[in-house]
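What follows is a set of notes on a single structure, which appears directly below.
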Amino acid sequence: MHDGPSQISLTFPDGNARQYATGITPADIAADISTSLAKKAISADVNGTHWDLQWPITEDAQIAINTMKDDAPALELIRHDLAHIMARAVQEIWPEVKVTIGPVIDNGWYYDFDREEPFTPEDLGRIEARMKQIIAARDPVRTELWPREKAIEHYRGTHEPYKIELIDAIPEDQPVRMYWHGDWQDLCRGPHLQHTGQVPADAFKLMSVAGAYWRGDSARQMLQRIYGVAFKTRDDLKKYLHMLEEAAKRDHRKLGREMDLFHMQEEAPGQVFWHPNGWSIYTTLQGYMRRKQRAGGYAEINTPQVVDRKLWEASGHWDKYQHHMFIVEVDESRDGETDDAAVRDKAQTRINALKPMNCPCHVQVFNQGLKSYRDLPLRLAEFGSCARFEPSGALHGIMRVRGFTQDDAHIFCTEDQIQEECARFIDFTADIYRELGFPDFEIKFATRPEKRVGSEASWDYVEGALENAIKAVGRDYTLEPGDGAFYGPKLDFYLTDAIGRVWQCGTFQVDPNLPERLGATYIAPNGEKTRPFMLHRATLGSFERFIGILIEEHAGKLPFWLAPRQVVVATIVSEADDYAAEVVAALRAAGIRAETDTRNEKINYKVREHSVAKVPVILALGHREVEDRTVTLRRLGEKQTRVEPLAETVAALATEATPPDQR
RNA sequence: GCUGCUGUAGCUCAGUGGUAGAGCACUCCCUUGGUAAGGGAGAGGUCGACAGUUCAAUCCUGUCCAGCAGCACCA
């Protein structure tokens, strides 16, 4: 059966090599080393491949035996075996349920089932109880390689159509691997544990059930996906559940309500009603970005929101993006008509769309007047309000909305200037992220997709320019082959927040296509009309989304300069009211957002209320402060208070309130 | 958009086939209290919308709208 040598040499992590008969399994090797290792072993690493203890080894290799002490393989196996154990439990309770796939994901696993009836939360409890029985039974796990015909035949017999489809996707020449957990069988590439009892019975939890398309294809069957989380110990599970609770407390939708930042309502789904507090954050951030862009060589412009379809047809959006656009039909015959009834009697309808992007309008600005190569690079920036008809299921608080404002800009430049502009933009963006408290970010470099326009030479050149730019500014990147836009490659910038979540914010895209479609030209040194390149770029992405990220990153406790109410001056006795007004006036004169709280409430009450509202500084005033012209300062989250002279406090807070670019 | 769940006072949530309740918030009164909720009284709801079943619907059924989770989407 084996063509290879009858003896193989396996090298262990300590460097020792030993000879074994070919076809030996890691289980045999572990048993050969010691009985305790044989018991503790969970899997092996063979030449870097995660290897089931039951799989034979047929060639020389580096080998390491894994135990539960090895985190990565242990978690992988626990979660993967739990996927199978859960599927087994489900089929034992409801034999008619069809199984599909059940991979390991971050912190756990899921398994997709085809079942008529929806799984209920009570069902999850039943399944979990059954899983614990299966674990307690310590059922052996075994595996075999089957010829594909036999496997297909088997699944025809058990009426598992999804499994047959999975086998069809396996290359013809490969046998099919089967696994058994006790008597329950599943198609699986493995590896797995030795028996179900190796799974910690108290360190997993079924979390939720949700729909998911078979093979991720929205045209195909909707399945029911059950999510579970699993760890090595009960403590780790508890920690994870606690972390989820903490994340829920940071939810910008909850904090937005508590801090009175914004609201949304059903008459305007996916659009934000900004309240004074929220709008204060927005305008502060926008002011900051405006200064940064000016310093970065951008000229700010503003363009229309409602634009005739002709422009969208010319730009190509009408063909490719119409399903995402808000279309506005206006009866032009009513022009000058004041009688509403007459207006309804349409004669002539003009079709407009709310702009989903600013780029076509920016080209219109570029196209006004003749441009010279001396004008390039021309950097046009707009805080552009866009509307996109996002699918209802995609909406999420202010993070994914239908109406939003981008910190958008388009750089018109020559091919030679792309690299320099890209490098400038990366530095520009890195500087802003650092000042806003996100020093670490990741750049993803998306290269030419299969469906694309433009010559290979042009793609080669532009991709090279971006890559050189990233290297020139000394950044790392990850490659996303084939993920670029049809017209050009792009860089996407990802921030990681305080609890490890990743957010896509900045973007930089090279586009030779739109200038072509919209007829943008400049006069080159040789006197010829020449096509410029257009670079689409954004740093924050959208203000809405970025503010959502800031809220969640800081759990509502925004940096002082961004906080909507920076200081509340709270009186302890009403005799301090006049002094409180004076203090607030002094703070406001120094550019600080301050308010008085002279309500007839105890200081405890006021402190609690403003703390809950995340006001960074509370100044308490009683008889003593009035007498001494001092303030008692308390910072959010600190119990300690400090008594300071008024003038000193105002000066210190004024410094602290200075935006990072003006320090 | 798809699957499932949810929609009751400003917020968080109970509840019932005979048109509703709590806590907090709000208003007023008492209290002037030194750093995370002082006391009392009061006001506040077309029970998401529209149909249907019923003598009677907030409750049952259907459709729609919105929200939540996941999937798909995010040229």
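Fair warning: this is a prediction, and the values are worked out from it, not measured in the lab.
No side-chain donor from either of A:Tyr227 and A:Asn107 sits under 3.5 Å from a side-chain acceptor of the other.
The residues A:Lys490 and A:Asp492 are annotated as salt-bridged, a charged nitrogen and a carboxylate oxygen being separated by less than 4.0 angstrom. Salt bridge annotation for A:Arg448-A:Glu480: absent, with no cationic side-chain nitrogen under 4.0 angstrom from a carboxylate oxygen.
Across all strands, A:Tyr321 comes closer than 4.0 Å to base atoms (heavy-atom distances). Contact annotation for A:Met357: base contact, defined as any heavy-atom pair under 4.0 Å involving a base atom. Residue-level contact check: A:Tyr213 touches the bases, meaning some heavy atom is under 4.0 Å from a base atom. Within 4.0 Å (heavy atoms only), A:Gln322 reaches no atom of the nucleic acid at all. Looking at heavy-atom distances under 4.0 Å, A:Val209 makes no contact with the nucleic acid at all. Base engagement by A:Thr632 is indicated by at least one non-hydrogen atom pair under 4.0 Å involving a base atom. Counting any heavy atom pair closer than 4.0 Å across all strands shown, A:Gly316 reaches no nucleic acid atom. A:Arg253 comes within 4.0 angstrom of the backbone, heavy atoms only, and of no base. Within the 4.0 angstrom heavy-atom criterion, only backbone atoms of the sugar-phosphate kind lie near A:Arg225; the bases stay farther away. Within 4.0 Å (heavy atoms only), A:Tyr487 reaches at least one base atom of the nucleic acid. Contact annotation for A:Lys606: no contact, since no heavy-atom pair falls under 4.0 Å across all strands. Nucleic acid contact class of A:Pro391 (heavy atoms, under 4.0 Å, all strands): base.
With rounding to whole Å, A:Asp112 atom CG is found 19 Å from B:C2 atom P.
On a pure distance criterion of 3.5 Å, no polar donor-acceptor pair joins the side chain of A:His610 and the base of B:A36. The base of B:C71 is not paired with the side chain of A:Arg215 by any donor and acceptor separated by under 3.5 Å.
Which of B:A69, B:G34, B:G38 sits closest to the side chain of A:His623 comes down to B:G34. When distances are taken from the side chain of A:Arg257 to each of B:G67, B:C74, B:U12, the shortest belongs to B:U12.
The nucleotide B:U35 finds no pairing partner, because no Watson-Crick or G-U wobble arrangement with both distances shorter than 3.5 Å includes it. With a cut-off of 3.5 Å on both Watson-Crick or G-U wobble distances, the partner of B:U58 is given as none.
Across the interface with RNA chain B, nearest-nucleotide mapping of A:Gln509 and A:Gly622 shows A:Gly622 to be the residue nearer the 5′ end.
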